[in-house]
Amino acid sequence: MTTVDIKGISKQYLPGNPVLLPLDLCVNSGELFFLLGPSGCGKSTMLRIIAGFVKPDTGTVSFDRQDITDMPPEKRQTAMVFQNYALWPHMTVYENVAFGLNAAGVKNPELDRSVKAALETVQLGGYHDRKPTSLSGGQQQRVALARALAVNPKILLLDEPLSNLDARLRDSMRVEIRRICKERHLTAIYVTHDRKEALSMADRIAVIDKGAIQQIGTPEDLYRRPANRFVASFLGECNFISGTVISRGENKTVVETGIGTLTSALSPPEGDAKITVLIRPENILIGGDSAPNSFDAAIENGVFLGETAVWNINSNRCRLTVTELGTRPRTSGDKCRFSIAAENIVLLK
Ligand code: ADP
Ligand code: MG
C-alpha cells in the first residue's frame with residue numbers, strides 16, 4: 001500500500017519541445033489510477049519518470065511522502081508491464097517469472113512460493129515449463145503480469161498492456177487485471193489511449209493532452225461533467241451547440257441556442273455569456289412532448305447498429321446526433337419531438 005505524489009514534474013527531451021508541462025498528481029494507496037490521452041501526449045514519459053528510467057527536468061516524485069526523485073529505478077520497488085510483453089524467449093514461463101526475484105537475491109523456498117503464487121493469480125498454474133513462444137498473446141501478457149506481481153511491488157506500472165491483444169481477449173483481461181489489483185490492494189498506474197479501457201477499469205483517471213492534465217476524476221465524473229471540450233470528446237461522442245446564457249441561478253441556467261431555449265440543472269462556466277452546450281447523443285430522447293427541454297427536428301439519415309441506432313437530425317439548421325436504444329423503424333424526413341433532461345445539458349467555456 002503506497003501513495004504516489006507528483007509535484008511540479010516537467011520534461012523536455014529536445015530544447016523548446018516540452019513533453020510534460022509542470023504537473024501535479026496524487027495517487028491514493030490501493031488505487032487503480034489511469035493516465036489517459038492521445039498518442040504522444042507524454043503518458044509513457046510520466047510512467048518512466050515514476051519508475052526512474054527518465055529523469056524529470058523539474059519537480060519531485062514521492063512514495064509514501066518520501067522523496068525518491070533521485071533514487072535509482074531498481075531501489076524503487078516498482079514493476080512495469082509493457083505492451084510488447086518483453087519476455088525472455090529462451091527461458092521457460094517459470095524462469096521468466098522468477099527473473100526479477102533472482103536478480104533481487106531471493107532464495108528458495110520463498111522464491112518458489114512467490115513464482116507459483118504469481119502464476120496462480122494469473123491462472124497459469126499449469127504452464128511452468130512452457131516457453132513464451134508456445135503461448136498465445138493473452139497468455140504471454142499474463143506471464144508478464146505474473147513476473148511483475150512476483151516481486152511484490154509497491155507500485156505496479158502498466159503501459160498500454162492490452163494494446164496488442166484482440167478485442168475479446170482485451171475485455172476479459174480488463175476484468176482480470178482490475179480483480180488482481182483489488183485483491184492485492186495494489187497501487188497501480190495504468191497508461192492507455194483507449195477510453196473504454198479507462199472508463200471500465202479505473203478508480204480515477206487523469207486526462208492528459210499536450211503535456212498537461214486536463215481533468216482528474218472518476219470515470220463517471222469525467223464522462224458526465226467534463227471540464228472542457230477536449231475531455232468531453234476524448235471520452236465519448238458529443239453534440240456541441242453554441243449558446244448564450246440568459247439567466248444564471250442555483251442549479252438552473254437558461255441558455256439560448258439554435259434548437260431553442262434550454263434549461264440546464266448545472267452552473268455555467270465563469271465569465272463570458274457565450275458558451276458551448278454539450279449534449280451526449282444518448283441523452284437526446286425521442287418523444288417527450290411535455291418535457292421542458294424539447295424541440296422538433298427532422299431525421300436526415302441514420303445507421304442501424306443492432307441494439308442501438310444512430311440518427312443524424314436537423315433542427316432549425318442545427319445538426320445533432322442521437323443514439324436510440326431499442327430501435328424502431330424510422331426514415332429520412334420523419335419529423336419527431338426530442339427532449340433532454342436538465343441534468344444532461346452540460347455547459348462549457
Ligand atoms: P505517449 O506515451 O503519450 O504516446 P510519450 O511519453 O511516449 O507519449 O512521448 C511524448 C513525446 O515525447 C513524443 O513526441 C515523443 O516523440 C517524445 N519522446 C519520447 N521519448 C523520447 C526520447 N527518448 N527522446 C526524444 N523524444 C522522445
Ligand atoms: Mg506511450
Side-chain angles (χ1 to χ4, degrees), residues 4-27 32-61 68-70 72-74 76 78-87 137 140-141 144-145 147-148 153 155-167 170 173-174 177 181 187-202 204-217 219 222 226-236:
V4 180
D5 283 287
I6 309 283
K7 286 221 168 61
I9 286 285
S10 72
K11 179 71 188 173
Q12 58 180 24
Y13 295 100
L14 304 167
N17 242 329
V19 169
L20 294 174
L21 301 169
L23 56 85
D24 298 338
L25 192 66
C26 293
V27 179
L32 178 47
F33 192 93
F34 270 65
L35 302 176
L36 172 69
S39 176
C41 75
K43 307 179 295 293
S44 295
T45 298
M46 191 68 242
L47 211 61
R48 289 194 201 112
I49 289 172
I50 296 168
F53 302 137
V54 169
K55 198 175 148 34
D57 298 337
T58 64
T60 57
V61 180
I68 53 98
T69 316
D70 296 320
E74 65 279 8
R76 294 190 182 195
T78 61
M80 180 102 92
V81 179
F82 301 93
Q83 177 175 349
N84 61 5
Y85 325 135
L87 299 173
Q140 290 184 47
Q141 193 52 295
L145 185 59
R147 181 180 57 188
I155 301 156
L156 181 64
L157 304 172
L158 304 113
D159 195 348
E160 313 252 8
L162 305 183
S163 298
N164 280 0
L165 306 181
D166 64 52
R170 226 164 28 222
M173 284 293 283
R174 284 176 187 166
I177 291 177
C181 288
T187 303
I189 304 178
Y190 191 125
V191 160
T192 186
H193 66 275
D194 182 333
R195 68 184 173 94
K196 294 218 166 136
E197 210 158 286
L199 289 172
S200 63
M201 293 178 70
R204 284 189 308 148
I205 303 169
V207 180
I208 303 180
D209 185 38
K210 301 194 179 81
I213 295 177
Q214 303 295 317
Q215 191 174 4
I216 299 178
L222 296 184
N228 57 42
R229 284 179 71 135
F230 177 82
V231 174
S233 34
F234 203 75
L235 289 184

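In each ligand, atom 1 is the first atom listed, and ligand 1 is the first ligand listed.
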So does [Y] get a backbone contact from the side chain of [X], meaning a donor-acceptor N/O pair under 3.5 Å?
{"X": "T192", "Y": "L36", "answer": "no"}
{"X": "K7", "Y": "C26", "answer": "no"}
{"X": "R147", "Y": "V81", "answer": "no"}
{"X": "R174", "Y": "S200", "answer": "no"}
{"X": "R48", "Y": "F53", "answer": "no"}

Starting from the N and O atoms of ligand 1, collect every protein N/O partner closer than 3.5 Å and put each pair on its own line with the distance to 0.1 Å.
residue	atom	partner	partner atom	Å
ligand 1	2 (O)	S44	N	2.9
ligand 1	2 (O)	S44	OG	2.8
ligand 1	3 (O)	C41	N	3.2
ligand 1	3 (O)	G42	N	3.1
ligand 1	3 (O)	K43	N	2.9
ligand 1	3 (O)	K43	NZ	2.9
ligand 1	4 (O)	G40	N	2.6
ligand 1	6 (O)	T45	N	2.9
ligand 1	6 (O)	T45	OG1	2.5
ligand 1	8 (O)	G42	N	3.2

Which pairs, with at least one residue in residues 207-217 and sequence neighbours excluded, count as a side-chain hydrogen bond (donor to acceptor under 3.5 Å, both in side chains)?
-> Q214-N228
Sorted by first residue and then second, give each side-chain hydrogen bond (donor to acceptor under 3.5 Å, both in side chains) pair with at least one member in residues 49-59; sequence neighbours left out.
-> S10-T58
Determine, step by step, whether H193 and S163 satisfy the side-chain contact (heavy atoms from CB on, under 4.5 Å) criterion, reporting the C-alpha distance in whole Å, the side-chain angles of both residues, the deciding distance to 0.1 Å, and the verdict.
-> CA-CA 9 Å; H193 66 275; S163 298; 4.1 Å; yes
How about the Mg ion (ligand 2), which protein N, O or S atoms come within less than 2.8 Å?
-> S44 OG
Can you find a heavy atom in the side chain of L145 that is under 4.5 Å from one in the side chain of L158?
-> yes
